[in-house]
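Notes for the one structure printed next.
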Amino acid sequence: MKRSLLKRLPEDFGEIWLRRKRRHKLRIRVLDEVDPKGTRWTAELPLIRASVLGFGGLAGFTDKAAIRGDWHGFEVLGRPKVRGFLTAMAPLLRAGLIDLKVDGRSVGLTPEPSRPRAVAVRRSVARAIKPAERSVVHKRERRLKLRR
């Protein structure tokens with residue numbers, strides 16, 4: 001099957017080739033060992049926006065599945081939705097908190113320079129989230145600091 005290059009992505013994505021069809025199959029897996037529930041929660045909104053089923057695209061993407069590291073698959077209709085989802089997931093990919101596949105091919109990014117894992121993750125995720133949602137991330141960050 002013919003493939004075409006997905007354009008207008010952040011530079012560190014490299015080349016991503018998509019099948020020439022309307023529907024694309026995306027798969028996501030949470031790799032975060034510190035706060036898998038929080039990482040899953042952060043990935044929910046972009047997943048809902050991109051999925052063909054909308055909120056129904058979350059079916060099976062539960063806290064238990066995230067803790068186990070199970071793959072979750074969903075369909076996306078059109079290249080702009082794939083591009084938007086990948087751009088939204090870039091901070092989580094850079095931090096190594098999730099693993100993504102688009103049409104069966106892994107999507108990789110160049111990792112951030114090494115910093116203490118929890119701090120690097122929270123900073124990159126906080127920058128990617130809208131200001132209205134930041135208060136929840138900061139509450140979670142404070143809760144993680146109190147546990148130590």
Side-chain angles (χ1 to χ4, degrees), residues 6 8-14 16-19 21-148:
L6 187 62
R8 293 189 299 271
L9 283 171
E11 294 174 4
D12 50 359
F13 267 104
I16 297 178
W17 293 84
L18 294 179
R19 294 180 187 166
K21 60 180 186 172
R22 267 186 97 184
R23 288 184 181 245
H24 301 281
K25 179 78 173 176
L26 274 68
R27 298 186 65 177
I28 184 171
R29 175 174 61 173
V30 177
L31 301 175
D32 188 2
E33 296 173 359
V34 177
D35 188 18
K37 292 179 182 181
T39 303
R40 181 196 67 87
W41 181 82
T42 305
E44 274 186 0
L45 186 61
L47 194 149
I48 291 170
R49 287 180 178 161
S51 176
V52 171
L53 299 174
F55 189 74
L58 293 176
F61 193 46
T62 61
D63 286 341
K64 288 181 181 179
I67 291 169
R68 286 191 310 258
D70 292 346
W71 284 98
H72 173 69
F74 60 101
E75 286 189 345
V76 176
L77 188 64
R79 299 165 69 86
K81 294 275 188 175
V82 173
R83 185 183 307 115
F85 182 74
L86 291 176
T87 304
M89 293 290 101
L92 296 174
L93 276 169
R94 277 189 209 102
L97 298 178
I98 61 170
D99 196 7
L100 275 177
K101 289 185 178 183
V102 178
D103 291 335
R105 293 184 175 210
S106 287
V107 175
L109 285 174
T110 54
E112 289 182 342
S114 61
R115 287 188 283 181
R117 186 174 172 88
V119 175
V121 169
R122 300 301 160 226
R123 285 183 188 156
S124 62
V125 170
R127 281 188 217 117
I129 295 175
K130 295 178 181 163
E133 299 168 351
R134 279 196 184 144
S135 61
V136 177
V137 172
H138 290 303
K139 286 178 187 174
R140 190 176 331 125
E141 185 179 32
R142 275 187 254 129
R143 194 172 60 232
L144 285 174
K145 285 180 181 177
L146 291 174
R147 288 182 190 169
R148 291 181 195 158

Going through the distances and angles, do Arg79 and His24 end up as a side-chain contact (heavy atoms from CB on, under 4.5 Å)?
CA-CA 8 Å; Arg79 299 165 69 86; His24 301 281; 4.1 Å; yes

Would you compute the distance between atom OG1 of Thr39 and atom CD of Glu33 and round it to the nearest 0.5 angstrom?
11.0 Å

Begin from the C-alpha positions of Arg49 and Phe85 and carry the test side-chain contact (heavy atoms from CB on, under 4.5 Å) through to its verdict.
CA-CA 8 Å; Arg49 287 180 178 161; Phe85 182 74; over 6 Å; no

Just wondering, do Lys37 and Asp35 contact through their side chains at under 4.5 Å, heavy atoms?
yes

Quick one: does any side-chain atom of Ser51 pair with a main-chain N or O of Leu47 as donor and acceptor, under 3.5 Å?
no

Sequence neighbours left out, what passes side chain to side chain donor-acceptor pair (under 3.5 Å) with Arg27? Give chain and number order.
none

With side-chain contact (heavy atoms from CB on, under 4.5 Å) as the test, would you mind laying out the steps for Trp71 and Asp99 before giving the verdict?
CA-CA 9 Å; Trp71 284 98; Asp99 196 7; 3.5 Å; yes

Salt-bridge test for Glu75 and Arg23: reply yes if a basic N is under 4.0 Å from a carboxylate O, no otherwise.
yes

Counterpart residues, side chain to side chain donor-acceptor pair (under 3.5 Å), relative to Arg68 (two or more places apart):
Asp70

Taking every heavy atom of Leu53 against every heavy atom of Gly57, the minimum-distance pair comes out as CB-N, 3.7 Å

Set out, in order, the CA-CA distance, both residues' side-chain angles and the distance that settles side-chain contact (heavy atoms from CB on, under 4.5 Å) for Leu97 and Val30, then state yes or no.
CA-CA 6 Å; Leu97 298 178; Val30 177; over 6 Å; no

Closest non-hydrogen contact found for Ala43 with Ile28 is CB-CD1, 4.0 Å

Between the main-chain N or O of Leu26 and the side-chain N or O of His72, is there a donor-acceptor pair closer than 3.5 Å?
no

Which heavy-atom pair separates Leu31 from Gly96 by the least distance, and what is that distance?
CB-O, 3.7 Å

Residue pair Arg29 / Ile98, side-chain heavy-atom distance below 4.5 Å:
no

So, Lys25 side chain and Val76 main chain: donor-acceptor pair closer than 3.5 Å or not?
no

Min side-chain heavy-atom separation Val107-Lys101 under 4.5 Å
no

